[in-house]
Amino acid sequence: DNALLAVNDEQGKIYRVSKDDYNIKQTLKFGKRGDYEAMVLRGDALFVMNSKGDLWGMKYKEDELQQIKKYKCTLAEEHEFEGSVRIYCI
């Protein structure tokens, strides 16, 4: 599809960006405002983690997000997670 996926680290959105002109082709909402740190795409499974360690799992299919589910981090102590920037070619 000649596009990239990138996560907005504060607004709970994933952007589909054109590799040709770098314009946003589509905005997909997956969560509320927050501090999102990392995104992983494996096949059609997409995961986003926030700074508290909570995960959002969803299917990325045909330019839409399906079956969005939040997995709460259950660590006993408070932690601050930091992730690396990842951009995926799709």
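Here E10 contributes atom CD and N50 contributes atom CG; the two are 13.0 Å apart, rounded to the nearest 0.5 Å. The structure places CD of Q26 at 8.0 Å from CG of L65, a figure rounded to the nearest 0.5 Å. How far CG of L46 is from CD1 of I68: 9.5 Å, rounded to the nearest 0.5 Å. To the nearest 0.5 angstrom, D9 atom CG is 6.5 Å from D35 atom CG.
Counting heavy atoms from C-beta outward, Y71 and K69 have side chains that approach closer than 4.5 Å. Using a 4.5 Å heavy-atom cutoff, the side chains of F30 and M58 are in contact. In this structure the side chain of L55 never reaches within 4.5 angstrom of the side chain of V48, judged on heavy atoms. Contact annotation: the side chain of Q67 approaches that of K59 to within less than 4.5 Å [non-hydrogen atoms, C-beta and beyond]. No side-chain heavy atom of K52 sits under 4.5 Å from any side-chain heavy atom of C73. In this structure the side chain of Y60 reaches within 4.5 angstrom of the side chain of L28, judged on heavy atoms.
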- Task: Start with the C-alpha gap between N2 and D20, add the side-chain angles, then the distance that decides, and say whether side chain to side chain contact (heavy atoms under 4.5 Å, CB included) holds.
- Result: CA-CA 8 Å; N2 206 29; D20 297 326; 2.8 Å; yes
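Remark: K29 NZ is packed, more than 12 non-hydrogen atoms of other residues, nucleotides or ligands lying under 6.0 Å away.
Contact detail for A3 and R16: the closest heavy-atom pair is CB-CG, 3.8 Å.
Remark: E64 pairs with Q66 by the side chain to side chain donor-acceptor pair (under 3.5 Å) rule, at least two apart or across chains. For K32, there are no salt bridge (Lys or Arg N to Asp or Glu O under 4.0 Å) partners two or more places apart in sequence or in a different chain.
For the side chain to side chain contact (heavy atoms under 4.5 Å, CB included) test with Y15, the passing option among T27, L5, L4 is T27; the others fail.
A salt bridge links K72 with D54: the closest approach of a Lys/Arg side-chain nitrogen to an acidic carboxylate oxygen falls below 4.0 angstrom.
Checked against the 6.0 Å centroid criterion, the rings of Y36 and W56 qualify as a close aromatic pair.
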